[in-house]
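Notes follow once the structure below has been shown.
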Amino acid sequence: MNIASFAPLAVVLPILGAALTFLLIRHSRAQRAVSIALLSLTLLLECFLLASVWDGGTAAVTIGGWLPPWGIVMVVDQFSSLMLVVSSAVSLAVLVYATGQGMADGDQDAPVSIFHPTYLILVAGVSNAFLSGDLFNLYVGFEILLTASYVLMTLGGTGPRIRAGVTYVVVSVVSSVLFLISIAMVYGATGTVNMADLAIKLGELDQGTKTLLHVMLLVAFGIKAAVFPLSFWLPDSYPTAPAPVTAVFAGLLTKVGVYAMVRTETLLFPGDTLNTPLMVAALLTMVVGILGALAQDDIKRLLSFTLVSHIGYMVFGLAMSSTAGLGAAVFYVAHHITIQTSLFLVTGLIERRGGSSSVDRLGGLAKLSPLLALLFFVPAMNLAGIPPFSGFLGKVGLMQAGIELGTPLAYALVIGGVLTSLLTLLAVARVWNRAFWRSPADAEHPDPVLLAPPLARVAGPGAKRNTVTLLPRTMVGSTLGLVVLGVALTVFAGPLFTVSDQAAEDMLDRTSYIHAVLGEDTVVPMVLTSGGGK
Amino acid sequence: MSVNLTLLIVMGALYACGIYLILERSLTRVLLGLMLLANATNLLILATGGYSGLAPLYSKDIAAQDYNDPLPQALILTSIVISFAVTAFMLGIIYRTWVLARQDEIQDDVEDLRVAVTPSFDAEDDAEIPEETSEFPVATVVAGGREIPAERAAAEEKPGSNNVAPGPEGVGK
């Protein structure tokens, strides 16, 4: 019995947890215990999955005894299991953070009893999307996670959240409709929705039909991944949600879009037909996103813009369709999920300690809470790509791949990438200088919490507690855990890069995936590229 | 593959109305637009199934090509369930907007408006700095035993200046 046969449990366990926590809706302590236990179990299972494919290879699980290409398949390979492990680790940390916040604040701001089931369904949707070997099942995975995210986005139903939620829901539904239309067209053209089967049958279509399907899928995924010019919904909707929700959205949801783009580009439509437009989109995403970040005063909005901007790096790696580029992109996705989530969690802590997430109102946090300053500083420098952090290693990998490619556009992207990295440094350094280093009295509109002496009883979020309890231990602990995970990605960057490079090689080769799903004797068609060779 | 023309025309009309409606500002119309889009897509999926045929219940006497393709119908069923959930959620949102704001319209983003009206002038970076930045400004310079204003002295030091200022050392030459 292969460990990969248990892959569907990565989806089933969180859904089971959602059902149980829904039953326990009146017992918040039991609810917390169940959701944390089941998510830890899922993470453990996914670690075993990753270990089983660590040295390469692909495993496919057919659901319900229906053989591919008719039945639903779940595929475990290096890329999908790596994404599963990183995403579950991040969601576990955010869950602990959220329960800490719920215990500290009570149910006013975010009704935690609804939070647990919804959150677990979101995790199930993300796992389903990562494991899916079937275009329609991928759509279902997207819908599961999106529907859960609609509820989390509008948690509490306050005015600003409803406003932001409407933008988010409408944009997401439109992108889902586009995705569904593309699935219908793909089915009309080929008569199958199984991705391995499609990899063979799409190659037999004429170029025009193929390009149309390709563009439609990329646009649908581009909206979900927030690639410029389809990214404007993101900074509008993410910042208003509760801190843990924004953190998990920023870490996971856009990356599921990126994952789907990677699968489309490598498995379904190999070759380099759309590489040039993708590269231009990547360049614009990086530069426009980071310029938007520089204009923001609010840390959450600033981070939302850096999130958009850094999606550009992943698209850049993908668009090169070389092993080096794709491998660096895979590494970058893993790095970025961890770092972006920890930055949003820290922002939640800043908001609690400083009373606001706007740098106009903050100051002196480094003196008030050195631990908080450290928690912000490490991932911020990591995001900006300062050596020796993983952000630097990922960017260097991308730059090397770009220079190896050697086309003028690739050089433009390398320059754009370096520029974006510097501007990211500028953006986070401004936050650092204003929120952490200057005296609170220098702030434009200082928050009373900052000026109060330690141990004073102040009115803040959660009202009337002294300034020390503004940072509950569970919240700081889970944030610290994520920051440590981010540093661990740096320490173990060597083996991780080896795995991502192997994953990229397997994905570009396609043989392993198609053979795992359709059987060893399937003939894998050659990939034709205009440049000749990969 | 052959398709039913009526289905295609209905689908096109639904898409057109749906897109028109989601561009409106009223939330109820946006919801109606989303519903029309979802239904148009269901028709599209149905159309990909090809000609109508017999129900796909296996019987030895029926040839394989006489059956209807069951897969698109399974896909439609899933997509109907999903759009049902989304519609219910949107109705909840619309009700909540009505309770909060007594209107059924999409609100402007306050933060966006604030950034839009922020002038590009930044007090820290763009403020005017006086040209003389020295801590001890020099008003006059003593040259050849007389005091001349610092500005003029600087002008005379420049290359090309023929030192025209009248003074003791210039007299009698």
Side-chain angles (χ1 to χ4, degrees), chain A residues 70 135-137 139-140 142-144 146-148 150-151 153-154 156-174 176-193 232 235-237 239-240 292 295-298 300-301 358 430 434 444, chain B residues 1 3 11 15 18-19 22 27 30-31 33-50 69-72 74-76 78-79 81-83 85-90 92-101 105-112 114-116 118 120 123:
Chain A
W70 297 284
L135 213 49
F136 195 76
N137 198 23
Y139 168 76
V140 173
F142 266 119
E143 285 305 314
I144 296 174
L146 282 177
T147 313
Y150 302 155
V151 178
M153 176 71 83
T154 53
T158 58
R161 281 186 197 163
I162 293 284
R163 189 208 59 74
V166 167
T167 321
Y168 178 72
V169 174
V170 172
V171 171
S172 304
V173 171
V174 169
S176 295
V177 167
L178 265 178
F179 186 14
L180 195 58
I181 293 172
S182 347
I183 292 176
M185 294 207 169
V186 166
Y187 186 75
T190 61
T192 179
V193 286
F232 293 109
D236 247 11
S237 50
T240 50
Q296 303 301 320
D297 283 335
D298 186 289
K300 282 183 176 180
R301 289 180 72 89
S358 169
R430 278 166 94 170
R434 297 172 77 180
E444 284 81 354
Chain B
M1 195 182 76
V3 284
M11 182 188 91
Y15 270 130
I19 289 167
I22 59 166
L27 273 180
V30 171
L31 172 66
L34 292 178
M35 287 160 74
L36 289 186
L37 285 185
N39 283 327
T41 312
N42 290 343
L43 285 184
L44 172 66
I45 301 176
L46 190 66
T48 60
D69 185 356
L71 190 76
L75 302 190
I76 291 171
T78 316
S79 100
V81 173
I82 290 168
S83 60
V86 171
T87 308
F89 184 80
M90 278 295 284
I93 291 265
I94 290 170
Y95 176 71
R96 188 71 192 164
T97 321
W98 179 254
V99 167
L100 286 173
E105 290 216 332
I106 298 171
Q107 314 280 310
D108 286 324
D109 184 359
V110 193
E111 186 68 13
D112 261 2
R114 199 188 60 73
V115 171
T118 307
S120 57

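Just so we're on the same page: letters track the sequence lines, and every chain starts at 1.
Of the listed residues (A:Thr147, A:Ile144, A:Val151), the one with the most heavy-atom contacts under 4.5 Å to chain B is A:Val151. Chain B forms more heavy-atom pairs under 4.5 Å with one residue of A:Val177, A:Ile162, A:Ile181 than with any other, namely A:Ile181. With respect to chain A, the highest number of heavy-atom pairs below 4.5 Å among B:Leu75, B:Val86, B:Thr78 belongs to B:Leu75. Comparing A:Val193, A:Val140, A:Thr167, A:Val173 by heavy-atom pairs within less than 4.5 Å of chain B, the highest count is held by A:Val173. Taking B:Leu71, B:Leu46, B:Leu31, B:Leu37 one by one and counting their heavy-atom pairs under 4.5 Å with chain A, the maximum is reached by B:Leu71.
Looking at B:Leu34, the atoms closer than 4.5 Å to chain A (heavy atoms on both sides) all sit in the side chain, from C-beta outward. Only the side chain of B:Ile22 comes within contact range of chain A, with heavy atoms under 4.5 Å apart. In this structure, chain A has a heavy atom under 4.5 Å from the side chain of B:Leu27, while its backbone stays farther away. Contact annotation for A:Tyr150: both backbone and side-chain heavy atoms come within less than 4.5 Å of a heavy atom of chain B. Within the 4.5 angstrom heavy-atom criterion, only side-chain atoms of B:Ile82, from C-beta onward, approach chain A.
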For residues 93-100 of chain B, please give each side-chain donor-acceptor pair under 3.5 Å, one per line with the distance, not counting sequence neighbours.
{"residue": "B:Arg96", "atom": "NE", "partner": "A:Gly157", "partner atom": "O", "Å": "2.8"}
{"residue": "B:Arg96", "atom": "NH2", "partner": "A:Gly157", "partner atom": "O", "Å": "3.0"}
{"residue": "B:Thr97", "atom": "OG1", "partner": "B:Ile93", "partner atom": "O", "Å": "2.6"}

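Annotation for A:Ala184 and B:Thr48: closest pair O-CG2, 3.1 Å, computed over non-hydrogen atoms.
Remark: A:Ala148 pairs with A:Thr118, A:Ile121, A:Leu122 by the side chain to side chain contact (heavy atoms under 4.5 Å, CB included) rule, at least two apart or across chains.
Using a 4.5 Å heavy-atom threshold, the side chains of A:Thr154 and B:Phe89 count as touching.
For the atom pair CG (B:Asp69) and OH (A:Tyr187), the distance works out to 3.0 Å, reported to the nearest 0.5 Å.
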